[in-house]
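In what follows, residues are counted from 1 in the order of the sequence shown. Computed from a prediction, not measured in an experiment: that's the story for all the values here. The analysis underlying the following values was restricted to heavy atoms, covering all of them including side chains, and did not include hydrogens, waters or symmetry mates.
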Amino acid sequence: MTKGEIWAQIKKWFSRFVMSLGVIFLSFLVMSFISITVLFKGGSPSLPDEMILRVVVEDGFFESGNPNPLAALSGDTSSYGIHDLSFALRRAALDERVKAVVMSVRGGDYGYAHINELHRAMEDFKKSGKPIYAYATSFGGASSGMASYYLASPADEIWIQPMGVVGITGFFMQVPFFKGLMDKLGIEADIIHEGDYKSAPEPFTRSSMSKANKEMSTALMQDYYDVFVTDVARFRHLDPSVVRKAIDEAPLSEKEAVNLGFVDVIGFKDRLIDNLKDEFEDISWVDAGHYANQAYKKETVKHTVALITVDGVIASQSGPGGLMGGDAIDLSAVIRNLETARQDENCIGVVLRVNSPGGTPEAAEELRRMVTLVNAEKPVVVSMGNVAASGGYWIAVNARRIYAEPMTLTGSIGVFGGKVGLSSLLEKAGINLDSVKMGQDADIWSLEKTYTPQQRRKIEAMLGNVYDAFVQRVAFGRGQSIETVKELAKGRVYTGNQALKNGLVDEIGDVDMAAKAVRGLAGVSEAPIQAYHEPLDFMDTVISIVKQAGMVFSGTTRSSVWLVNSTAIY
């Protein structure tokens, strides 16, 4: 082949490549336009006269709806805002048009506090005398089925597909420790922490759990186990000893599960649907998310309770959330929402929904201060999600009341900070760092070496100040003595049940119960919950869709990095 022919082939290939990109880009623009039209047209089908609510849950709930704008286009209803779903069930209990609920349970990555909240709504629905059916191909299978079965356990009838299993094998926690690997690589973690139970840095500083960490983790797991056994026994009308024995014998085959009373029917989902069609002729099936949206539109009373969500790592800038993984909150947006609620004459108070493992002290303090300012004018009540620990607890201490679920993880009053030293790794890699500095400890944040004794004393003093401030804020906010809080602190994590006993929270309950408390404090009998979100304008939606599409096309998922050189109250 001559050079001219080769060049012609290259130009031909490049031309096709550019055309393909153009087609993809044009298709994406069309898809975006359709999706934006759906999002902004404002209309939606009305609800039928008779319906069955369909709930399809797969690997967890969002705090406030599905944040993926492509979900509206794709019809994805497998992830709900936990409050939206609870609201739908409670409203459906009073709606004569709703005859039953069918819940399809997939996967198993559910937060137990979210399940606690949904259970309460399911029980409210069942009080209406209308049935809930739960279906799963399997509860666990090759993985734990504890969460998925626990989610389904209040249903009137639990269905499982033939060959499915009930994998209620118990609670298990395994922590990877990287110190051995880091030693081989020449990486040294230099972490200082306040509180014997502050275990977040341990995977990088130890080769196994500390005694305090194992003690705390065992206590947490024991409470989870006790709650699971008690609730499943109550929902399934079994003796707790039967549940404990089943856990030890699991995974259970579908026939064993039926014989022991954990499952009602072995059958495929189409058989369940056919049975309901026979019972309710010509009935419509409506997704619970759509039902909730329609029900919200009818909430037209004068007073409202603002629902403001803090979901993620508490940091001054959004992005990767650091050591605990996940994403950071948009701190500015949360503060704007709190200020909006403060100035809104129709808003009688705020439910601050906290689902956060912690963050940085300066961000937590900024948010705590804003909560305090709002609370001086209108009642702020905190509702805790799966986790509201460290910085997540810091921001809650000045609320009028704090509600947690039995299996919420909270407390963790402590602090840590530090960095890693890479000198040995750099030496092995043949990399030499040279530097100049002005200031005796200008290199305190350098990753070349660990802290000098003087630098370490400075970091310890800084962390000590943060820890003391944390203890003081908890003592003042919760009306306890400094000595009492110091005993409860030490970085220890508690379940909601444990936190209730030691006074770190006020009651066991969910968002609805927190909203009821706001109404009582404000002296108002009726005020529906109104979720506060940042306004989603046209360009925000386009940008969000582009980001989501870019993640899909590139295969990117949520990322996290360990943020060194920082103080953290995880």
Side-chain angles (χ1 to χ4, degrees), residues 40 42 63-65 67 81 83-84 87 292-293 295-312 314-318 328-356 359 362-385 388 391-403 473 476-477 506 510-541 544:
F40 285 96
E63 278 294 334
S64 54
H83 173 68
D84 296 335
F87 172 80
N293 288 335
Y296 278 130
K297 291 178 180 179
K298 295 186 178 181
E299 299 282 0
T300 56
V301 296
K302 179 180 179 181
H303 300 296
T304 61
V305 175
L307 174 62
I308 299 174
T309 301
V310 179
D311 185 18
I314 300 168
S316 298
Q317 293 182 333
S318 57
I329 66 169
D330 187 338
L331 181 63
S332 297
V334 175
I335 290 175
R336 282 196 300 271
N337 286 334
L338 283 166
E339 182 61 32
T340 299
R342 182 185 182 187
Q343 296 181 8
D344 186 351
E345 295 181 357
N346 293 328
C347 174
I348 63 167
V350 175
V351 172
L352 187 69
R353 175 68 170 190
V354 181
N355 192 56
S356 172
E362 63 273 14
E365 176 66 2
E366 185 177 1
L367 189 48
R368 183 201 65 84
R369 170 63 173 165
M370 191 65 208
V371 170
T372 305
L373 292 175
V374 177
N375 199 38
E377 300 179 24
K378 301 177 180 182
V380 177
V381 175
V382 165
S383 166
M384 293 180 169
Y393 188 72
W394 182 303
I395 67 174
V397 296
N398 289 117
R400 303 275 183 100
R401 299 190 68 77
I402 299 177
Y403 284 75
R473 281 156 176 72
F476 178 79
D506 295 294
D510 54 20
V511 168
D512 281 320
M513 296 174 72
K516 184 177 180 180
V518 170
R519 296 183 197 107
L521 291 166
V524 175
S525 59
E526 291 188 15
I529 297 172
Q530 179 182 352
Y532 275 40
H533 302 290
E534 282 297 284
L536 191 67
D537 62 20
F538 183 87
M539 285 308 300
D540 286 337
T541 304
S544 183

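- Pairing each heavy atom of Ile308 with each of Ala341, the nearest pair is CD1-CB, 4.2 Å.
- A salt bridge is absent between Glu526 and Lys302; no separation between the charged side-chain nitrogens and carboxylate oxygens falls under 4.0 Å.
- Under the 3.5 Å distance criterion, the side-chain polar atoms of Asn398 are left unmatched by any main-chain donor or acceptor of Gly477.
- Remark: side-chain polar atoms of Arg401 are not paired, donor with acceptor, to backbone N or O of Ala517 under 3.5 angstrom.
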Check: residues 343-350 side-chain donor-acceptor pairs under 3.5 Å, at least two apart:
unit_1 : atom_1 : unit_2 : atom_2 : d
Gln343 : NE2    : Glu339 : OE2    : 2.5
Asp344 : OD1    : Asn346 : N      : 2.9
Asp344 : OD2    : Tyr532 : OH     : 3.1

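- Annotation: salt bridge (charged side-chain N to carboxylate O under 4.0 Å, His left out) contacts involving residues 515-524, sequence neighbours excluded, are absent.
- Looking only at distances, a side-chain donor or acceptor of Ser356 sits under 3.5 Å from a matching main-chain atom of Gly312.
- When all heavy atoms of Val354 and Gly392 are compared, the closest pair comes out as CG1-O, 3.5 Å.
- The two residues Met384 and Tyr393 have their closest heavy-atom pair at CE-CD1, 3.6 Å.
- The two atoms that bring Gly385 and Glu63 nearest to each other are CA-OE2, 4.2 Å, heavy atoms only.
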Before giving the answer on side chain to side chain contact (heavy atoms under 4.5 Å, CB included), spell out for Val381 and Tyr403 the whole-Å C-alpha distance, their side-chain angles and the decisive distance to 0.1 Å.
CA-CA 8 Å; Val381 175; Tyr403 284 75; 3.7 Å; yes
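- Looking only at side-chain heavy atoms (C-beta outward), Arg353 and Val511 come within less than 4.5 Å of each other.
- Rounded to the nearest 0.5 angstrom, Asn337 CG and Thr309 OG1 are separated by 9.0 Å.
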Begin with the C-alpha distance, continue with both residues' side-chain angles, and end with the deciding distance and a verdict on side chain to side chain contact (heavy atoms under 4.5 Å, CB included) for Lys378 and Arg342.
CA-CA 7 Å; Lys378 301 177 180 182; Arg342 182 185 182 187; 5.5 Å; no
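- Val351 is not listed as a side-chain neighbour of Ile529, based on a closest heavy-atom distance of 4.5 Å or more.
- The structure places NE2 of His83 at 5.5 Å from CG of Leu307, a figure rounded to the nearest 0.5 Å.
- Checked against Leu338 for a side chain to side chain contact (heavy atoms under 4.5 Å, CB included), the options Val380, Leu373, Val371 give a single hit: Val371.
- When every heavy atom of Leu331 is checked against every heavy atom of Ser316, the shortest pair comes out as CD2-CA, 3.9 Å.
- The nearest pair of heavy atoms linking Val397 to Arg473 is CG2-O, 3.8 Å.
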Would you please test Asn355 and Val310 for side chain to side chain contact (heavy atoms under 4.5 Å, CB included) and show each step?
CA-CA 6 Å; Asn355 192 56; Val310 179; over 6 Å; no
Check against side chain to side chain contact (heavy atoms under 4.5 Å, CB included), Glu365 and Ile395
CA-CA 7 Å; Glu365 176 66 2; Ile395 67 174; over 6 Å; no
